[in-house]
Amino acid sequence: MSAPAGDHGGRHPLPDPAAFAARLAKLGIGNDTRVVAYDDEGGMNAARLWWMLRWLGHENVAVLDGGFSNWKQAGFPVDDKQAVRVPSTFTANVQPHLLTDVDEVQRIVGTLKAEQIMEAVEEARADERGEVPVQDIEIPPAVNPKVFFTPVLIDSRAHDRYLGQNEMMDQVGGHIPGAVNFFWKDLFNEDGSYKSTQELEQHFEAIDKEAEIVVYCGSGVSATPNILALEQAGFKSVRLYAGSWSDWISYDDNPVATGEEV
């Protein structure tokens with residue numbers, strides 16, 4: 001589900017839309033085919049396929065909640081045979097509004113006030129944990145989640161990688177300046193299923209529903225569960241920075257932040 005990596009574009013660049021459409025058609029997926037994506041890797045690969053199909057204009061796609069493990073544990077049938085699919089016709093209708101690139105991210109980096117965003121996020125999470133009664137939180141207008149700065153840049157990686165620690169995947173550690181951290185695995189219950197819509201709304205409650213959101217990760221794969229969850233929670237303007245961190249650091253002039261955004 002990616003093109004070969006080059007000097008730029010990240011570790012998992014998006015494939016050419018026409019080439020991907022041809023691959024889908026060869027697998028028997030047409031424009032009217034109902035697609036259910038699943039994996040056994042925590043959900044990120046299924047979400048990547050879900051996003052990619054929607055990027056090509058295919059709305060008739062869903063993710064199997066809980067993945068293959070939950071399917072088996074529920075006692076549903078499985079087999080080890082490769083399904084025979086008759087080739088079909090798939091015409092791509094690319095949706096550019098679902099995607100952004102390094103040029104756009106470079107333009108928005110200087111507009112973010114991440115320390116204010118993080119205050120709102122931490123206050124919301126503390127209230128969710130019951131640590132701070134909501135009536136006792138005094139949020140100044142500048143950090144009120146209802147007037148949240150836009151666009152919002154979300155880093156989907158583990159918190160230590162966001163901080164610039166324990167970076168094992170890419171040559172440079174840290175995050176894009178101004179980004180806030182919402183680790184993608186925090187979207188799931190212990191059994192691997194997504195949290196409820198209400199829980200996801202609470203998870204992202206520090207972000208205005210009208211905000212323009214750009215989501216990234218290391219290479220454009222684990223960002224996609226956050227995109228799915230944001231849309232499930234009611235957010236309407238959510239884009240993927242497909243090249244993500246591995247693309248960002250391939251440009252020597254791009255700034256890098258480490259530690260918390262304070």
Side-chain angles (χ1 to χ4, degrees), residues 1-5 9-71 76 78 81-101 104 151 154 156 184 187-188 192-195 197 200 204 209 212-244 247:
M1 295 189 291
S2 63
R11 286 184 277 108
H12 296 116
L14 289 174
D16 173 75
F20 184 48
R23 177 61 175 165
L24 292 170
K26 186 176 181 179
L27 293 172
I29 298 174
N31 292 98
D32 296 325
T33 304
R34 172 67 166 170
V35 178
V36 177
Y38 69 88
D39 63 33
D40 207 14
E41 300 289 338
M44 66 177 181
N45 292 314
R48 166 87 167 193
L49 179 58
W50 167 85
W51 184 90
M52 289 177 66
L53 284 165
R54 294 176 68 250
W55 171 55
L56 294 192
H58 193 79
E59 293 291 335
N60 196 8
V61 56
V63 169
L64 179 63
D65 197 12
F68 188 52
S69 293
N70 273 15
W71 176 270
F76 293 120
V78 299
K81 299 178 178 63
Q82 177 68 44
V84 176
R85 301 287 300 181
V86 177
S88 185
T89 300
F90 190 101
T91 302
N93 180 22
V94 175
Q95 305 294 302
H97 67 282
L98 299 179
L99 182 67
T100 194
D101 59 16
E104 175 64 14
I154 290 179
S156 305
W184 71 277
L187 304 170
F188 297 93
S193 62
Y194 280 87
K195 293 179 179 178
T197 298
L200 293 175
F204 295 116
K209 288 289 182 68
E212 297 179 13
I213 303 170
V214 172
V215 187
Y216 76 92
C217 54
S219 63
V221 179
S222 63
T224 54
N226 259 337
I227 294 175
L228 190 156
L230 283 160
E231 294 197 5
Q232 182 68 22
F235 293 85
K236 303 299 183 185
S237 181
V238 186
R239 291 177 288 164
L240 172 67
Y241 173 23
S244 287
D247 177 56

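The model shown is predicted, which means the values in this text are computed figures rather than measured ones. Residue numbers count from 1 along this sequence.
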Quiz item: Who are the salt bridge (Lys or Arg N to Asp or Glu O under 4.0 Å) partners of Glu231, not counting sequence neighbours?
Solution: Arg54
Self-check item: Asn60 side chain near Asp32 side chain, heavy-atom distance below 4.5 Å
Solution: no
Quiz item: Is there side-chain contact between Val238 and Val215, with at least one heavy-atom pair below 4.5 Å?
Solution: yes
Quiz item: Rounded to the nearest 0.5 Å, how far does OG1 of Thr224 lie from CG of Leu240?
Solution: 7.5 Å
Practice problem: Look at the side chain of Ser156 and the backbone N and O of Tyr216, then say whether any donor-acceptor pair between them is shorter than 3.5 Å. | Solution: yes
Quiz item: Regarding Glu212 and Ser237, is there a side-chain donor-to-acceptor distance under 3.5 Å anywhere?
Solution: no
Exercise. Would you confirm whether Arg48, through its side chain, and Met1, through its main-chain N or O, come within 3.5 Å as a donor-acceptor pair?
Key: yes
Practice problem: Could you tell me whether the side chain of Asp39 and the main chain of Ala46 form a donor-acceptor pair under 3.5 Å? | Solution: yes
Practice problem: For Ile213 and Leu230, run side-chain contact (heavy atoms from CB on, under 4.5 Å): C-alpha distance rounded to whole Å, both residues' side-chain angles, the deciding distance at 0.1 Å, then the answer. | Solution: CA-CA 9 Å; Ile213 303 170; Leu230 283 160; 4.1 Å; yes
Exercise. Name the orientation class of the two ring planes belonging to Trp51 and Trp55 (parallel below 30°, tilted from 30 to 60°, perpendicular beyond 60°).
Key: parallel
Practice problem: Give a yes or no on whether the backbone of Thr33 and the side-chain of His58 come within a donor-acceptor separation of less than 3.5 Å. | Solution: yes
Exercise. Report the distance from atom CG of Leu187 to atom OG of Ser222, rounding to the nearest 0.5 Å.
Key: 10.5 Å
Quiz prompt | Asp65 versus Ser193, side-chain donor and acceptor atoms under 3.5 Å | solution = no
Self-check item: Heavy-atom side-chain contact between Leu98 and Arg239 under 4.5 Å
Solution: no
Quiz item: Taking Tyr38 as the fixed residue, which of Trp71, Trp50, Phe68, Phe76 is the one that meets the ring-ring contact (aromatic ring centres under 6.0 Å, His included) rule?
Solution: Phe68
Practice problem: Say whether, by atom type as modelled, one donor and one acceptor occur between the side chain of Gln95 and the main chain of Asn93 under 3.5 angstrom. | Solution: yes
Exercise. Determine the minimum heavy-atom distance between Ala223 and Cys217, stating which atoms define it.
Key: N-SG, 3.2 Å
Quiz item: Aromatic rings Phe235 and Phe204: how do their planes relate, parallel, tilted or perpendicular, breaks at 30° and 60°?
Solution: perpendicular
Quiz item: What pairs with Tyr241 under ring-ring contact (aromatic ring centres under 6.0 Å, His included), at least two apart in sequence or on another chain?
Solution: none
Donor-acceptor list for residues 12-29 side chains, cut-off 3.5 Å, not counting sequence neighbours:
| unit_1 | atom_1 | unit_2 | atom_2 | d |
| --- | --- | --- | --- | --- |
| His12 | ND1 | Ser219 | OG | 2.7 |
| Asp16 | OD2 | Ala18 | N | 3.1 |
| Asp16 | OD2 | Ala19 | N | 3.0 |

Exercise. Go through the steps to decide whether Trp184 and Met44 satisfy the test side-chain contact (heavy atoms from CB on, under 4.5 Å), and finish with yes or no.
Key: CA-CA 9 Å; Trp184 71 277; Met44 66 177 181; 3.9 Å; yes
Self-check item: Gly220 to Ser244 - nearest heavy-atom pair and separation
Solution: N-OG, 3.3 Å
